[in-house]
Q: 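Okay, handing you the structure first.
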Amino acid sequence: MSTLVSSEAAPAAVPEQVSRRRGYPAYVLRKFGGACGSLAFVLVLNFFLIRVLPGDPARTLGRGRFTNPEQLAAFNKTYGLNEPLMKQFFIYLENTFTGNLGISLQYRVPVSQLLLERMWPTLLLVGSSTILATVIGVWIGIIGAWNRGGRFDKITTGVTLTLYSMPEWWLGLLLIAGFSVGFGPIPGIFPTGGLHSVGVDPASLKGVLDTAWHLTLPVITLTLAYLAEYSLIMRSSLLDELGEDYLTTARAKGLRDVDVRRKHAVRNALLPTTTVIALSIAFVVSGAVTVETVFSIPGLGLLSTQAVSLPDYWVLQGTFLVQTGAVIFAIFVANLIYGLLDPRVRT
């Protein structure tokens with residue numbers, strides 16, 4: 001009888017094991033399909049944002065720059081605005097997938113070229129800040145939660161709460177006032193803004209060092225802002241995990257505290273932090289608008305601000321597409337990491 005029971009029970013575990021092994025590829029495909037669906041919605045929304053404006057779209061986009069009907073007709077023909085709506089949509093899709101996002105009304109250059117030029121300063125600025133903030137913030141959150149109530153935890157919690165409640169632009173202005181302008185007998189040592197000094201070749205070694213010097217204060221500003229958020233979320237998540245029974249079981253098995261923390265508690269506590277970090281990575285492409293404006297960094301954030309003030313509709317349409325695409329991609333990556341850290345979310 002025992003043999004019969006074991007033979008009936010054993011096969012039941014096999015499909016579950018196979019399901020766990022094969023579950024991740026199916027999970028990836030589902031999330032990829034969701035990301036493609038979100039991107040399709042963004043493309044449709046981006047198309048109709050201009051078309052729903054009152055009046056003639058060509059005159060609205062041209063902002064009164066057309067002085068005769070021939071110019072208006074040429075503009076309509078170039079962008080297909082005199083075609084039926086569905087044909088306009090397919091022209092828009094074709095132009096989008098071929099990189100033809102229109103001509104900037106302010107800079108008179110292709111929008112795709114302008115976005116590529118402005119993307120690299122933003123990647124350099126916010127990318128460096130995100131990496132530094134992730135490493136430092138997660139480490140502070142782990143140490144603070146593991147030694148809850150200690151001196152390190154009290155000091156770092158107070159500092160991070162202060163930084164978290166402080167607007168980025170205000171923190172940037174404080175750093176400019178203190179370290180660029182100077183105060184009292186202490187002179188300023190950092191540039192007040194910009195990405196390069198006049199007359200310096202950015203491709204040379206001197207230019208690279210000059211760029212790093214200009215980016216010091218902006219990177220510190222964003223690092224402190226993101227660090228506070230990552231640290232507080234990591235600390236809160238780890239504190240929630242410390243009361244779980246599986247940690248007590250791990251200690252009862254004789255595992256050292258450092259192994260319990262590294263192999264069990266931190267891994268589960270990383271789930272909420274992963275989401276926040278992944279969403280913050282989206283700002284690597286979309287740009288920290290306020291910081292780039294305060295420090296006059298010629299990135300996507302400053303470009304968006306300038307396009308709104310004109311307004312430059314083609315640039316706004318292009319930046320909206322890049323920013324939303326970056327958010328979708330970041331959420332997709334976060335879901336993939338979630339699936340690796342916690343197999344339960346694959347079902």
Side-chain angles (χ1 to χ4, degrees), residues 126-172 174-175 178 216-284 288 290-291 327 330-331 333-347:
V126 193
S128 303
S129 305
T130 303
I131 293 173
L132 291 173
T134 300
V135 174
I136 301 173
V138 169
W139 179 81
I140 291 176
I142 292 173
I143 302 301
W146 203 257
N147 301 280
R148 182 181 184 183
R151 179 177 298 179
F152 179 85
D153 181 42
K154 291 179 180 178
I155 294 174
T156 55
T157 301
V159 171
T160 51
L161 282 173
T162 303
L163 292 174
Y164 185 71
S165 60
M166 187 178 297
E168 295 173 358
W169 61 269
W170 177 248
L171 179 59
L174 290 179
L175 292 178
T216 300
L217 289 185
V219 167
I220 290 176
T221 301
L222 288 179
T223 298
L224 292 176
Y226 291 152
L227 176 154
E229 184 178 6
Y230 299 162
S231 174
L232 292 172
I233 292 177
M234 187 65 201
R235 180 182 181 274
S236 176
S237 301
L238 189 53
L239 286 176
D240 290 339
E241 293 295 327
L242 292 181
E244 296 295 331
D245 293 336
Y246 71 89
L247 295 183
T248 305
T249 303
R251 291 191 182 95
K253 290 180 178 180
L255 290 179
R256 297 179 303 166
D257 253 15
V258 64
D259 293 329
V260 173
R261 179 177 63 196
R262 179 170 55 87
K263 295 181 179 179
H264 298 279
V266 171
R267 179 173 180 176
N268 290 324
L270 276 174
L271 292 176
T273 311
T274 300
T275 301
V276 175
I277 293 173
L279 292 177
S280 297
I281 292 175
F283 289 98
V284 174
T290 55
V291 172
V327 172
I331 294 175
V333 172
N335 285 326
L336 297 187
I337 298 174
Y338 252 61
L340 291 174
L341 294 177
D342 188 357
R344 294 173 299 179
V345 303
R346 303 176 189 177
T347 57

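Here the structure is a predicted model, which is why all the values come from computation and not from measurement. Residue indices begin at 1 and follow the sequence shown.
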Q: Measuring from atom OH of Tyr164 to atom CG of Leu227, what distance do you get when rounded to the nearest 0.5 angstrom?
A: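 One gets 13.0 Å once the value is rounded to the nearest 0.5 Å.
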Q: Checking Ser236 side chain against Leu232 main chain: does a donor-acceptor pair fall under 3.5 Å?
A: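 Absent.
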Q: Please report the shortest heavy-atom distance between Gly158 and Thr162, naming the atom on each side.
A: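 Taking Gly158 first and Thr162 second, the nearest heavy atoms are O-OG1, 2.9 Å.
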Q: Looking at side-chain heavy atoms only, is the closest gap between Leu174 and Trp170 below 4.5 Å?
A: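 Yes, close enough: below the 4.5 Å cut-off.
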Q: Considering non-hydrogen atoms only, spot the tightest contact between Ala269 and Met234 and give its length.
A: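 Shortest heavy-atom contact: CB-CE, 3.9 Å.
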Q: How many angstroms lie between atom CG of Leu217 and atom CG of Leu175, to the nearest 0.5 angstrom?
A: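 Interatomic distance, Leu217 CG to Leu175 CG, rounded to 0.5 Å: 5.5 Å.
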Q: Got a second to check how far Leu238's CG is from Ile143's CD1, nearest 0.5 Å?
A: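 Between atom CG of Leu238 and atom CD1 of Ile143 there are 9.5 Å.
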Q: Where do Tyr226 and Ile136 land on the side chain to side chain contact (heavy atoms under 4.5 Å, CB included) test, with the steps shown first?
A: CA-CA 10 Å; Tyr226 291 152; Ile136 301 173; over 6 Å; no
Q: Before giving the answer on side chain to side chain contact (heavy atoms under 4.5 Å, CB included), spell out for Glu168 and Leu224 the whole-Å C-alpha distance, their side-chain angles and the decisive distance to 0.1 Å.
A: CA-CA 9 Å; Glu168 295 173 358; Leu224 292 176; over 6 Å; no
Q: Looking only at non-hydrogen atoms, find the nearest pair between Ala228 and Leu163 and report the distance.
A: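 Heavy atoms only, the tightest pair is CB-CB, 3.8 Å.
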Q: Testing the basics here: between Thr130 and Thr134, what is the closest heavy-atom pair and its distance to 0.1 Å?
A: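 The pair with the smallest heavy-atom distance is O-OG1, 2.6 Å.
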Q: Please test Ile233 against Thr273 for side chain to side chain contact (heavy atoms under 4.5 Å, CB included), starting from the C-alpha separation and ending with a verdict.
A: CA-CA 6 Å; Ile233 292 177; Thr273 311; 3.9 Å; yes
Q: Checking the side chain of Thr156 only, and the main-chain atoms of Phe152 only, is there a donor and an acceptor separated by less than 3.5 Å?
A: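 Checked: pair present.
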Q: Sort out for me which residue in Leu161, Ile140, Ile142 forms a side-chain contact (heavy atoms from CB on, under 4.5 Å) with Ser231.
A: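 Looking at Leu161, Ile140, Ile142, the match for Ser231 under the side-chain contact (heavy atoms from CB on, under 4.5 Å) is Ile140.
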Q: Pair Arg235, Thr160 - check side chain to side chain contact (heavy atoms under 4.5 Å, CB included), show working.
A: CA-CA 11 Å; Arg235 180 182 181 274; Thr160 51; over 6 Å; no
